[in-house]
Amino acid sequence: MNWIAGKVKEPVPSSIWRGKGIDLFMKLLIAEDEISVREGMVRLIDWESHGIVICGEAGNGSEALSIMESCSPDILLTDIRMPHMDGLELIEQAQSRGFKFRPIILSGYNEFSYAKQAIRLGASDFILKPCRPEEILRTVLEAKKAAEFQEARESRLKERDQSWNRNIPLMKSQVLSQWTRYPAVPLEDRGRLMLELQMDIQNAGVQVGLIRVDTSQIPLDERDVVLLRYAAVNIVKETLDNVYGGRIEVFQEGNDLLWVASMAERGRRGSANTSLITAPSQERLGPQIRVLQGNLEKYLKMTVSIALGSWKASINQAHDSYQESVQAMESRFYQGRGGVFFYSEKLRGEDSGYDNSTESTSILDNERFDLCEKEMLDYLRHGSFEQALDQLDAWLEMFKTQSHYSKQEVNLRATTFMISLQRIAKEHRIGAFEWKNQLVNSMEQLPQVETLEELATIVKKIMQHLVEACSSNRTLHRTVQSVLELIKEKYNTNLTLEAVAREAYISNTYLSSLFKQELGVNFLDYLHQYRIEKAKELLQQNLKIYAVARLVGYQEERHFSSTFKKWTGVTPSQYKSSVH
């Protein structure tokens, strides 16, 4: 071999390239059966200065293949003619074992068949002997440059893929949110997007479910909220995955959680045989939805209401199913929190016992409400507070029997009634700031109420304050005074109407009637309100919620939390956070 004399350089010790410094070098493996040629390539070229380290030397293909097990080279410089295993066979064997490297062929045989086979095996170059060190170095550096370019390209592709995979959940949520909020536009190809975003749903029937959080017993900061939502999404998917055959995507929409599901296949996924496709029935979904509610309460301490739209033919109608779920969720206003509501084509009030002919009548023109409110206001004018409160119960019950009115319509009727109460206050010359403030606060709360029970609580409280204001100039009945003292002493015990009535030597009915007449509220509601006021004082002392519940007379934290929310509009944890 015609070498040019140069400075002999010792190879880089294996302790360097096998340690931390390996990241700084590109590894070169030399396979050459002529010892003098091999040593010349190793010692006459300053590989290290060019960012290359000799990770191994071999006298034949078998040795080189063995070295590769411990040193996975980036570049292989190999002779073709070698004993036991030639260079081309070495390349082929190494590639079949999964090694990734750039081969350079070194041979004294200028035959086209070798070059052709080397190219087939992905050789970077073909060097003919005899050759100079500069030529070998140039060829190896070109291979190094190509390898670095390929590595950088693969790194960019990997980073792009990782970024894509990280963003897929967010992109799914944004796309599904768009599909549920808005109808499909002409030429929109939702099926293609479903494939690109690797969605678990398919374009074979679609149903939208809506989850609305009623209460959460966990005080949360912003970071906790994100984790809670992530956990809730996973619980929903895992719970409903089986019933939908894995064809479900769950995402957040504002403060609600939504899911979009497609029909599950009984047979092989991707089958074009539509006879294999089936939609879970309401009878099958109902129990599983209850399981979902139980899982969310068990693991995340939250109670939820769930509404489902009907099945639609394709993903292009997701918006229609979503609108149906929103409409179904309106049943929550009348039926209360924690329900499961399926959309039905039937009119809501069809079987509820009211006259369907009044359905088209505006709630402000409803004569039944007009008559009930007139009687209630007359009772208040004449100081018949017990009768007025009984009439209030009948007025609230009337909304349930005419539940075709929307929440907004009911709020409108309640607002106009409160304005009538303000006129009663003026007739009784009640000008106290507390009364006016209570009325304004109550009217501001009405648009935020989510259930008829919450609205009833607000109206009852304002009636209670009105009765108290009307009665402020007269002395309370002695029996009521003694019962109030008893409540102050024993509010934190298992106090009942029956027990108090026995101590006061009167009947339950008479005691309840006295409370309504004198205080504008029944005994039990007064007791709850008194306990809640005491609970507020304890929560301001930063006591645990379960401890506060026991201290004010509630044995179950859950009962305490729901009662606190009913009379204050916030949960104990929310109140506690607001004062600390």
Side-chain angles (χ1 to χ4, degrees), residues 1-4 6 8-12 14 17-18 22 25-48 50-151:
M1 195 167 187
N2 186 21
W3 295 98
I4 293 180
V8 176
K9 175 97 176 156
E10 292 295 328
V12 176
S14 61
W17 64 262
R18 284 178 178 160
I22 190 65
F25 299 100
M26 187 158 286
K27 294 174 287 181
L28 171 65
L29 173 61
I30 298 176
E32 168 63 61
D33 60 328
E34 295 182 35
I35 298 175
S36 60
V37 174
R38 186 171 72 245
E39 289 183 349
M41 285 189 289
V42 172
R43 299 180 182 279
L44 293 178
I45 299 175
D46 188 359
W47 296 107
E48 185 182 350
H50 294 285
I52 297 172
V53 62
I54 305 297
C55 70
E57 305 171 39
N60 58 61
S62 297
E63 286 183 23
L65 196 59
S66 178
I67 291 173
M68 281 186 171
E69 297 294 339
S70 58
C71 152
S72 181
D74 301 297
I75 302 171
L76 171 65
L77 179 58
T78 179
D79 192 8
I80 288 184
R81 291 284 188 174
M82 294 184 295
H84 305 297
M85 182 187 291
D86 64 29
L88 296 180
E89 188 179 355
L90 165 63
I91 295 172
E92 197 164 12
Q93 286 280 338
Q95 288 177 343
S96 68
R97 297 188 185 186
F99 292 108
K100 305 292 184 182
F101 56 89
R102 287 189 167 271
I104 299 173
I105 301 299
L106 185 65
S107 177
Y109 298 87
N110 187 11
E111 296 182 9
F112 177 72
S113 61
Y114 287 127
K116 183 178 179 181
Q117 188 176 358
I119 291 171
R120 181 178 62 81
L121 294 172
S124 298
D125 214 329
F126 193 100
I127 305 173
L128 291 176
K129 298 177 183 179
C131 53
R132 301 169 64 185
E134 289 87 349
E135 184 181 354
I136 292 177
L137 176 61
R138 176 186 58 77
T139 304
V140 172
L141 289 178
E142 287 176 357
K144 175 177 179 285
K145 183 177 179 181
E148 289 173 338
F149 178 80
Q150 178 68 20
E151 185 179 339

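When reading the values below, keep in mind they use all heavy atoms of this one structure, side chains included, and skip hydrogens, waters and symmetry mates. Everything numeric here is computed off the predicted structure, so don't read it as measured data.
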Euclidean distance, [Y] [atom2] relative to [X] [atom1], rounded to 0.5 Å:
X	Y	atom1	atom2	answer
Glu92	Met85	CD	CE	10.5 Å
Ile105	Ile127	CD1	CD1	9.5 Å
Ile104	Ile75	CD1	CD1	5.5 Å
Glu63	Met82	CD	CE	9.5 Å
Ser96	Ile91	OG	CD1	12.0 Å
Asp74	Gln150	CG	CD	12.0 Å

Heavy-atom closest contact ([X] atom, [Y] atom, distance):
X	Y	result
Pro83	Asn60	O-CB, 3.1 Å
Trp47	Leu137	CZ3-CD1, 3.9 Å
His84	Ser62	CB-OG, 3.9 Å
Arg38	Ile30	CG-CG2, 4.0 Å
Ala58	Ile67	CB-CD1, 4.0 Å
Leu90	Ala31	CD2-CB, 4.1 Å

**OP:** Report the C-alpha distance between Arg138 and Glu134 in whole Å, list the side-chain angles of each, state the deciding distance to 0.1 Å, and finish with yes or no for salt bridge (charged side-chain N to carboxylate O under 4.0 Å, His left out).
**Re:** CA-CA 6 Å; Arg138 176 186 58 77; Glu134 289 87 349; over 6 Å; no
Subject >> All salt bridge (Lys or Arg N to Asp or Glu O under 4.0 Å) counterparts of Glu39, not counting sequence neighbours >> reply: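 In terms of salt bridge (Lys or Arg N to Asp or Glu O under 4.0 Å), with neighbours along the sequence ignored, Glu39 is linked to no residue.
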Subject >> Worked check of side chain to side chain contact (heavy atoms under 4.5 Å, CB included) between Leu106 and Ile80 >> reply: CA-CA 6 Å; Leu106 185 65; Ile80 288 184; over 6 Å; no
Original post:
Run the side chain to side chain contact (heavy atoms under 4.5 Å, CB included) check on Leu29 and Met68 step by step: do they pass?
Top reply: CA-CA 8 Å; Leu29 173 61; Met68 281 186 171; 3.8 Å; yes
Original post:
Of His50, Met26, Arg102, which is the lone residue that meets side-chain contact (heavy atoms from CB on, under 4.5 Å) with Lys144?
Top reply: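 The option that passes is Met26.
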**OP:** Take Cys55 and Leu28, measure what side chain to side chain contact (heavy atoms under 4.5 Å, CB included) needs, and give me the verdict at the end.
**Re:** CA-CA 6 Å; Cys55 70; Leu28 171 65; over 6 Å; no
Do [X] and [Y] come close enough that some side-chain heavy atom pair is under 4.5 Å?
X	Y	value
Lys27	Phe101	no
Glu48	Ile54	no
Phe99	Leu76	no

**OP:** Let me see the working for Thr78 and Glu32 under side chain to side chain contact (heavy atoms under 4.5 Å, CB included), right down to the final yes or no.
**Re:** CA-CA 6 Å; Thr78 179; Glu32 168 63 61; over 6 Å; no
**OP:** Using a strict cut-off of less than 4.0 Å between a Lys/Arg side-chain nitrogen and an Asp/Glu carboxylate oxygen, indicate whether Lys129 and Asp79 qualify as a salt bridge.
**Re:**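 Answer for the salt bridge query: yes.
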Original post:
Can you tell me if CD on Glu151 sees more than 12 non-hydrogen neighbours from other groups inside 6.0 Å?
Top reply: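 Not more than 12 within 6.0 Å, no.
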